[in-house]
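Please read the structure below before turning to the comments.
So that the names make sense, note that chain A is the first sequence line, chain B the second, and so on, each numbered from 1.
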Amino acid sequence: MTCIRPNATKYSFPQQNVKAFSMLDVKYLRENPEAAEARLKTRGEALNLSGFRALDEKRRALLQTSEELKALRNKVSEEISRIKEKSQAQDRIAEMREVSQRIKALDDELKEVEEALGIFLMTVPNLPSAAAPVGASEADNVVVRTWGEPQAFSFAPKPHWEIGEALGILDFERGAKLAGARFTLYRGAGARLERALINFMLDLHTGRHNYVEMLPPFMVNRESMTGTGQLPKFEEDLFHLDGTDYFLIPTAEVPVTNIHRGEILRGADLPLRYAAYTPCFRKEAGSYGKDTRGLIRQHQFNKVELVKFVCPADSYRELEALVADAERVLQLLEIPYRVVDLCTADLGFSAARTYDLEVWLPGQNSYREISSCSSFEDFQARRASIRFREDDKAKPEFVHTLNGSGLAVGRTVVAILENFQQADGTVTIPEALRPYMGGMESIG
RNA sequence: GGAGAGAUGGCCGAGUGGUCGAAGGCGCCUGACUCGAAAUCAGGUGUGGGGGUGACUCCACCUAGGGUUCGAAUCCCUAUCUCUCCGCCA
């Protein structure tokens, strides 16, 4: 049983040099610019590192000059302190006044260079894992395995919005009245079904998969959004609360990964596995025509998220286990799905490797994403400064972070309605879920 | 929302302009003693960034960001967070 020992887990909470944080390893970029450019190119990122290298060199030159002057100032200031009669130190004080001014000028310039460097580095996506299939588009994703047989219907299966409306459990019109497009009102057994799924998933992951349940804030600050990679590049996808610096979370990944921002964890405590239910809020900018009907693409939806902090050596074994944990939900619910290995071109900004779970939706005669499980390697750990010490004497190293949906709840409702619909318009409730539905066997 | 107090290393806690990266204690590591352990004694014990093949060396960091000064943990300003009291509230 994994358990949280706050005092043991929180090995230390250092003041971190947040402004110097880098997303990709600066040393790696400095020493292997061609390799980095080539790998980024596989994800469609045409990047020229020459500007970066020029800035990097300028930074080091400025730093050296500034530090030499600081060493001088420290030395002379100490001499001044030893002189009893300050009138005898006037010339040196004047000299140091000038040195200080030069230092100030150098540091101002250095700050500008570091800001430019920071802005550049913050917007460079992660390097794809060497294991990720190289591809040019979504079409090059690789289906790794398929589970379950899409059932043959003796009638034309309906899309979930028709089923839900007919049963009186999904009300899209009133959702739109209350808030707008892409909002839905759940009613009666529909609301119960959503809640049952949340509890079912959390119980499974905490009870059988050894995750610790978390219930984080649903809005976070800018630092947290930057730590996981949503900012600075994707601000237009986020809901921001006017007059504050809070953002509504687009996924529990953000608050849960940032739980350990700025911390040094104990190697013995790894891996840490957290499960969290949260609503998720997304602007869905740029998807105007897509999935306008039904629950597939909402501004607000529920999700149970799995997050792991692991030793780099265990990273990919833990990713496979994470995928298996998410798959288990669909297996218990008896919903056919397939696992897709995303190609380099389809990877998200922060991800190094991603498996998507796609459920079969008979109402749409296609597989649709219901979970996305990724390893970020040390990308988020660098941004958020999350490290661990192998043992008490070891140097801190960056952890690897992983996360995956386990699962998107609204889309699971979609999958249940469409896969378990009956000819008479009712929907059978999967057996595993019935205890969570007060024993109800079917809706309608 | 109003009034006040505070934020120092893994933890506790000193420090109000110079030799302070920071006393002391606790914890931890190494060594001595021991059959072993405890106790005791001695030494050590932060992070990041430059430079050097290396021994090593320099710089920065006392919540964060500015300022004053030859010199700032220490003085000034701002922000954040914590605590106390009042008001309000699930």
Side-chain angles (χ1 to χ4, degrees), chain A residues 5-31 53 55-115 117-118 121 215 217-227 243-246 258-269 378 381-399:
Chain A
R5 287 167 292 156
N7 293 324
T9 305
K10 195 170 173 181
Y11 185 83
S12 68
F13 196 94
Q15 83 301 349
Q16 52 181 314
N17 194 357
V18 193
K19 70 181 173 211
F21 54 153
S22 51
M23 359 345 317
L24 295 176
D25 185 351
V26 171
K27 279 181 187 147
Y28 176 81
L29 288 183
R30 186 185 294 152
E31 285 156 20
R53 298 183 73 186
L55 277 176
D56 182 50
E57 274 167 36
K58 189 169 180 193
R59 171 178 169 271
R60 282 190 290 168
L62 286 167
L63 196 59
Q64 264 189 53
T65 315
S66 167
E67 288 189 351
E68 277 165 20
L69 289 175
K70 281 175 184 167
L72 173 70
R73 182 179 68 185
N74 288 345
K75 188 167 142 276
V76 176
S77 286
E78 198 201 320
E79 286 168 18
I80 292 171
S81 75
R82 280 201 296 261
I83 296 172
K84 291 271 185 290
E85 189 52 63
K86 291 294 188 251
S87 59
Q88 291 178 9
Q90 282 316 314
D91 53 337
R92 262 176 281 197
I93 287 175
E95 199 184 319
M96 285 310 106
R97 185 177 299 144
E98 196 183 307
V99 167
S100 276
Q101 278 163 9
R102 286 178 60 198
I103 290 171
K104 179 84 168 59
L106 285 166
D107 282 354
D108 285 347
E109 197 179 349
L110 185 63
K111 199 178 155 192
E112 275 176 37
V113 170
E114 286 191 332
E115 268 167 20
L117 218 40
L121 288 167
L215 184 60
F218 299 160
M219 32 183 126
V220 298
N221 57 30
R222 189 169 286 273
E223 289 70 40
S224 294
M225 284 294 185
T226 306
T244 72
D245 206 22
Y246 295 140
N258 277 281
I259 287 173
H260 294 300
R261 173 154 49 88
E263 296 184 18
I264 300 178
L265 306 167
R266 293 188 356 157
D269 290 337
D378 64 6
R382 280 177 196 284
R383 293 172 78 101
S385 187
I386 307 169
R387 292 170 293 172
F388 77 104
R389 240 186 266 272
E390 189 68 54
D391 57 73
D392 285 349
K393 299 181 79 175
K395 278 245 163 226
E397 294 177 57
F398 290 112
V399 299

G-U wobble or Watson-Crick pairing nucleotide for [N] (cut-off 3.5 Å, both distances):
N	result
B:C26	B:G10
B:A37	none
B:A72	none
B:A3	B:U84
B:G21	none
B:C61	B:G46
B:A55	none

Listed nucleotide nearest any side-chain atom of [X], set [options]:
X	options	value
A:Lys70	B:C59, B:G50, B:G48	B:C59
A:Asn74	B:C70, B:C59, B:G50	B:C59
A:Lys395	B:U47, B:G50, B:C70	B:U47
A:Arg73	B:G67, B:C58, B:C70	B:C70
A:Ser77	B:C58, B:G71, B:G66	B:G71
A:Leu63	B:G50, B:C58, B:G66	B:G50
A:Tyr246	B:U47, B:C81, B:G18	B:C81
A:Arg389	B:U47, B:C59, B:C70	B:U47
A:Ala71	B:G50, B:C70, B:C58	B:C58

Scan [X] against the nucleic acid and name what it touches under 4.0 Å (heavy atoms): base, sugar-phosphate only, or nothing.
X	answer
A:Lys75	nothing
A:Arg92	nothing
A:Gln64	sugar-phosphate
A:Arg30	sugar-phosphate

Nearest-angstrom distance, [atom1] atom, [N] to [M]:
N	M	atom1	answer
B:G27	B:U16	P	28 Å
B:A38	B:C33	P	15 Å
B:C12	B:U8	C1'	11 Å
B:C75	B:A23	C1'	23 Å
B:A60	B:G54	C1'	24 Å
B:G1	B:C76	C1'	28 Å
B:G46	B:C29	C1'	14 Å
B:G21	B:C59	C1'	13 Å

Has A:Tyr246 got more than 12 heavy atoms of other residues, nucleotides or ligands less than 6.0 Å from its OH?
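No, OH of A:Tyr246 has 12 or fewer neighbouring heavy atoms, counting only those of other groups under 6.0 Å.
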Spacing between [X] atom [atom1] and [N] atom [atom2], to the nearest angstrom:
X	N	atom1	atom2	answer
A:Asp107	B:G65	CG	P	13 Å
A:Gln90	B:G71	CD	P	13 Å
A:Ile103	B:C70	CD1	P	13 Å
A:Glu390	B:C28	CD	P	21 Å
A:Arg387	B:U47	CZ	P	8 Å
A:Glu68	B:U57	CD	C1'	13 Å
A:Asp108	B:G66	CG	P	9 Å
A:Ile80	B:U19	CD1	P	13 Å

For A:Arg59, run the salt bridge (charged side-chain N to carboxylate O under 4.0 Å, His left out) check against A:Glu114, A:Glu115, A:Glu109, A:Glu112 and tell me which one passes.
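Among the candidates, only A:Glu114 passes.
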So, taking the atom named CG in A:Leu110 and the one named CD1 in A:Ile103, what distance separates them when rounded to the nearest 0.5 Å?
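CD1 of A:Ile103 is found 12.0 Å from CG of A:Leu110.
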With a cut-off of less than 4.0 Å, is there a side-chain N or O of [X] near OP1 or OP2 of [N]?
X	N	value
A:Lys27	B:G48	no
A:Arg97	B:C70	yes
A:Arg82	B:U19	no
A:Ser81	B:C70	no

By nearest heavy atom, map A:Lys104 and A:Met96 onto RNA chain B; which one lands nearer the 5' end?
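By nearest-heavy-atom nucleotide position, the 5'-most residue is A:Lys104.
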Indicate yes or no: at least one non-hydrogen side-chain atom of A:Val76 is less than 4.5 angstrom from one of A:Val99.
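When only atoms from C-beta onward are counted, A:Val99 and A:Val76 do not touch, as no gap falls below 4.5 Å.
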Are any non-hydrogen side-chain atoms of A:His260 and A:Val399 less than 4.5 angstrom apart?
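No, their side chains stay 4.5 Å or more apart.
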Verify salt bridge (charged side-chain N to carboxylate O under 4.0 Å, His left out) between A:Arg102 and A:Glu98, making sure each step is shown before the conclusion.
CA-CA 6 Å; A:Arg102 286 178 60 198; A:Glu98 196 183 307; 5.8 Å; no
Ignoring hydrogens and angles, are the base of B:G71 and the side chain of A:Glu78 linked by a donor-acceptor pair under 3.5 Å?
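No such pair is found, so the answer is no.
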Does either side chain, that of A:Asn74 or that of A:Ser77, offer a donor lying less than 3.5 Å from an acceptor on the other one?
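A:Asn74 vs A:Ser77: no donor-acceptor pair found between side chains.
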Would you confirm whether A:Ser81, through its side chain, and A:Glu78, through its main-chain N or O, come within 3.5 Å as a donor-acceptor pair?
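A pair under 3.5 Å: yes.
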Start with the C-alpha gap between A:Asp107 and A:Lys111, add the side-chain angles, then the distance that decides, and say whether salt bridge (charged side-chain N to carboxylate O under 4.0 Å, His left out) holds.
CA-CA 6 Å; A:Asp107 282 354; A:Lys111 199 178 155 192; over 6 Å; no
